[in-house]
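Written below as structure tokens is the structure these notes are about.
All chains are named by letter (A, B, ...) in the order of the sequence lines, taking the proteins before the strands, and each is independently numbered beginning at 1. The figures that follow rest on heavy atoms only: side chains count, while hydrogens, waters and symmetry mates do not.
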There are 2 protein chains.
Amino acid sequence: MEIKSRLWIEKEGKPFIGFGRINLLKQVDETASISAAAKALKMSYKKAWNLLNEIETLAEQPVLVKNIGGKNGGGTQVTDYGKSLILQFETLNQNCINFLEEEYKKLEL
Amino acid sequence: MEIKSRLWIEKEGKPFIGFGRINLLKQVDETASISAAAKALKMSYKKAWNLLNEIETLAEQPVLVKNIGGKNGGGTQVTDYGKSLILQFETLNQNCINFLEEEYKKLEL
DNA sequence: ATTCGTTATGTTTGGTAAGATATAACGCTC
DNA sequence: GAGCGTTATATCTTACCAAACATAACGAAT
């Protein structure tokens, strides 16, 4: 028996960042490519692009720097702001997990 | 911009109780009827029954007392144990919300 | 100019989950 | 015994979301 949680942050009622999106951002950061990140996470490029696009349209600062064409066809870099989103969400998530683990011990189920 | 969360408790890798199921349990407790609870939550009787059945099969103590036939066709009561599940989950959930609200203030997004 | 791998975007297809429908058993009431 | 409203359960249909497919633009390299 174990406790599970999912958290996310909304903006204008729409999902801004959550587990899946942060994971995707991390992959983009590692691979410097949306398509490579999508492949690594076994999702379609289109889905990955859509998710990233939603993040970008809701964010107040640029999250990605994209290059179309050119050497190796282009690529995508995650901005410092984007990286801070990753870091902040991950620590938040971990803090939540730790908190719930403690609370969970108090229960009698 | 706001933070959202969903938590649930699993047993043997399967969902035991969560937001939706606890809500359903509450309705059953209020209406003393699975079918009335389903109608109130605008879900099919079948779905409600399935959800409750999963809770019951995973729980170690009885959660519901059901009567088929008889006056008014029968009905369903939530046991004390079932009520304790509701109460414990709801306080856990509220504690988590309060915790996240505090953590959220620390972020810079 | 051609090739290449990427970003960008529309369209179509398909698999799954939700809903609708159907049927039976039960036991009190009348 | 007939009727009623409930629990219980199977099957069938539908609607929706996700995946697959298709196509174009781009720019460096050769």
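- B:Ser35 comes within 4.0 angstrom of sugar-phosphate atoms only, judged by non-hydrogen atoms across all strands, and of no base.
- At the phosphate of C:dT7, OP1 or OP2 sits under 4.0 Å from a side-chain N or O atom of A:Thr76.
- The distance between atom CD1 of B:Ile68 and atom C1' of D:dT7, rounded to the nearest whole Å, is 5 Å.
- The phosphate of C:dA8 has OP1 or OP2 within less than 4.0 Å of a side-chain N or O from A:Trp49.
- Rounded to a whole Å, the CG atom of B:Asn50 is 14 Å from the P atom of D:dT7.
- Under the 4.5 Å side-chain heavy-atom criterion for Ile, Leu, Val, Met, Phe, Trp and Tyr, A:Phe16 and A:Val78 are members of the same hydrophobic cluster.
- When each of A:Thr57, A:Thr76, A:Leu64 is checked for a side-chain contact (heavy atoms from CB on, under 4.5 Å) with A:Leu52, only A:Leu64 meets the rule.
- Atom NZ of A:Lys46 and atom P of D:dC21 are 15 Å apart (whole Å).
- In this model, the phosphate group of D:dG5 is not approached by any side-chain N or O of B:Lys71 to a distance below 4.0 Å at OP1 or OP2.
- Comparing A:Asn72 and A:Lys66 by the nucleotide of DNA chain C that holds the closest heavy atom to each, the one mapping nearer the 5' end is A:Asn72.
- Minimum interatomic distance between A:Phe19 and A:Phe89 (heavy atoms only, all atoms of both residues): N-CZ, 3.7 Å.
- We find that CD of B:Gln77 is positioned 13 Å from P of D:dT6, with the value rounded to whole Å.
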